[in-house]
> 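Please read through the structure below; I'll follow up with questions.
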Amino acid sequence: MSHLAAPEPEHCPGPETENAGKASACDGCPNQSICATGPTGPDPAVAAIAARLTGVKHKILVLSGKGGVGKSTFSSNLSLFLSQDLDTQVGLLDIDICGPSVPKMVGLEGEQIRQSSSGWAPVYVSDNLAVMSIGFLMANQNDAVIWKGPKKNGMIKQFLKDVDWGDLDFLVVDTPPGTSDEHLSIVQYLKDAGITGAVLITTPQEVALQDVRREIDFCRKVGVPMIGLVENMSAFVCPKCNGESVIFPPTTGGAEGLAREQKIPFLGAIPLDPRIGISGDAGESFVDLYQDSPAYAAYVKVISAITKYCKETVPVPSV
Ligand code: ADP
């Protein structure tokens with residue numbers, strides 16, 4: 001906007017968005033009062049995104065309070081698992097700007113986005129699994145850290161608006177860790193398109209659980225339904241004998257205790273299995289390769305709960 005007193009700061013929600021002047025990034029910004037009192041309204045992108053995603057039945061957000069708890073691994077395995085049914089069309093959208101790791105995990109590292117007449121064409125893992133990642137735009141993984149707020153939000157908007165998914169049964173959205181203004185943007189951009197729900201990923205330690213409480217709070221505040229909580233890396237499963245040992249003892253009841261306390265569904269616990277990490281690093285599908293493992297059985301339990309929720313739920317507009 002030409003009448004701004006200073007350049008838009010990092011994490012700027014956008015001077016004409018509903019959140020203008022109100023986001024945490026606005027505190028202390030010389031533009032704050034201009035933005036807070038200026039003409040704002042629903043971003044026209046919200047309607048454009050809803051139009052773009054009309055053929056997408058279920059949008060599932062995958063959230064985590066912290067980085068490193070296995071959110072991208074879960075998003076990838078959820079998508080790979082859902083696509084095992086060849087009649088199910090699946091999309092995986094990676095907007096984890098902080099570290100887009102999905103391309104590597106699904107074996108698409110080094111792929112680039114192609115422009116078609118109807119938008120950005122996703123890259124396909126298989127006939128019924130389409131992937132789009134911010135990582136496809138980066139010549140260098142380190143580019144992520146120098147992106148500023150407005151550019152990040154603009155990118156997220158473009159990814160939601162311009163990707164030509166066609167008809168999908170599920171769109172799994174891998175989001176950045178934590179709760180930032182970017183999360184607010186994602187939820188606002190998807191307001192008219194409707195979010196089926198969020199799956200929250202955590203590890204059992206109390207320090208991780210504390211961050212999940214903030215995530216739960218965020219979902220409640222912005223009206224995103226919570227499909228439930230998944231405890232990842234909960235116990236170590238020996239790939240040789242399938243014996244279990246607890247690596248991170250849940251000192252406060254773990255994710256199941258937190259889910260009970262917060263009255264949200266507990267979807268299950270996925271063990272720490274080195275083959276999950278190795279498969280992700282190699283771009284191979286754990287859920288296709290290790291179907292006789294306890295971790296696969298855990299995925300079946302968790303994902304069945306997610307698909308059951310989706311079947312029973314009509315997506316609702318949020319915020
Ligand atoms: P996030 O997306 O939350 O930052 P990642 O999905 O990148 O986390 O996972 C972090 C690391 O943990 C990766 O190296 C991944 O392979 C590994 N990992 C995730 N889940 C498991 C698991 N259940 N068992 C073993 N390793 C895992």
Side-chain angles (χ1 to χ4, degrees), residues 60-81 92-109 131 133-135 138 141-142 144-145 172-180 182-183 186 198-205 207-212 214-215 218 229-240 242-248 250 254-256 266-303 306:
I60 300 172
L61 299 186
V62 182
L63 304 174
S64 71
K66 272 192 189 312
V69 298
K71 175 181 52 57
S72 298
T73 304
F74 184 81
S75 303
S76 302
N77 280 322
L78 169 61
S79 306
L80 289 161
F81 185 100
L92 171 57
L93 174 61
D94 171 22
I95 43 178
D96 184 351
I97 299 179
C98 307
S101 37
V102 162
K104 188 174 184 60
M105 289 179 178
V106 297
L108 296 177
E109 205 176 19
V131 177
S133 168
I134 287 209
M138 293 171 180
Q141 281 282 315
N142 298 333
V145 294
V172 176
V173 184
D174 188 19
T175 64
T179 39
S180 60
E182 275 121 62
H183 289 84
I186 294 165
V199 176
L200 285 73
I201 313 293
T202 184
T203 50
Q205 306 96 314
V207 280
L209 296 173
Q210 272 171 4
D211 288 358
V212 180
R214 277 194 281 279
E215 210 75 30
F218 169 80
L229 185 58
V230 177
E231 183 172 283
N232 189 37
M233 308 199 219
S234 58
F236 171 74
V237 171
C238 171
K240 293 219 167 84
N242 282 347
E244 275 198 22
S245 24
V246 175
I247 305 286
F248 305 123
E256 191 166 9
F266 178 64
L267 301 176
I270 298 179
L272 199 159
D273 183 331
R275 293 170 299 187
I276 294 180
I278 293 166
S279 304
D281 283 354
E284 289 172 346
S285 169
F286 174 85
V287 291
D288 288 328
L289 290 174
Y290 299 104
Q291 298 195 346
D292 56 352
S293 64
Y296 181 80
Y299 274 118
V300 171
K301 178 173 178 271
V302 168
I303 298 172
I306 295 172

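Note that ligands are numbered from 1 as they come in the structure, with each ligand's atoms numbered from 1 the same way.
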> Considering only heavy atoms of Leu272, which atoms of ligand 1 have at least one such atom less than 4.0 Å away?
24 (N)

> Starting from atom 12 (O) of ligand 1, what is the nearest protein heavy atom, named by residue and atom, and what distance separates them?
Met233 CE, 3.6 Å

> Mind checking whether Ser64 has an N or O less than 3.5 Å away from an N or O of ligand 1?
no

> Among all protein heavy atoms, pick the one closest to atom 7 (O) of ligand 1 and tell me residue, atom and distance.
Met105 CE, 3.5 Å

> Considering both backbone and side-chain atoms of Ile270, is one of its nitrogen or oxygen atoms within less than 3.5 Å of a nitrogen or oxygen in ligand 1?
no

> Less than 4.5 Å apart, any side-chain heavy atom of Val287 and any of Val300?
no

> Decide whether an N or O pair under 3.5 Å exists between Pro274 and ligand 1.
no

> So for ligand 1, is Gly70 a polar contact partner (N or O within less than 3.5 Å, distance only)?
yes

> Measuring from the heavy atoms of Gly280, does anything fall under 4.0 Å of ligand 1?
no

> Can you tell me if Arg275 has a non-hydrogen atom under 4.0 Å from ligand 1?
no

> Strictly less than 4.0 Å: does any protein heavy-atom distance to atom 25 (C) of ligand 1 fall in that range?
yes

> Under a 4.0 Å threshold between the charged nitrogen and the carboxylate oxygen, would Asp174 count as salt-bridged to Lys71?
yes

> Does the side chain of Leu200 reach to within under 4.5 Å of the side chain of Val230, using non-hydrogen atoms?
no

> Please round to the nearest 0.5 Å and tell me the distance separating atom CG of Leu289 and atom OG of Ser279.
5.5 Å

> Would you check whether Lys66 has a nitrogen or oxygen atom less than 3.5 angstrom from a nitrogen or oxygen atom of ligand 1?
no

> Going by the side-chain contact (heavy atoms from CB on, under 4.5 Å) test, name the single residue among Val102, Asp94, Val172 that passes it with Val131.
Val102

> Yes or no: does Gly68 have any heavy atom under 4.0 Å from an atom of ligand 1?
yes

> Would you call Pro271 a ligand 1 contact, heavy-atom distance under 4.0 Å?
yes

> So do the side chains of Pro177 and Lys66 get within less than 4.5 Å of each other, counting heavy atoms only?
no

> Has ligand 1 got any nitrogen or oxygen that is less than 3.5 angstrom from a nitrogen or oxygen of Asn232?
yes

> Rounded to the nearest 0.5 Å, what separates atom CD1 in Ile276 from atom OG in Ser293?
7.0 Å

> With nothing but distance in play, are any N or O atoms of Asp273 less than 3.5 Å from an N or O of ligand 1?
yes

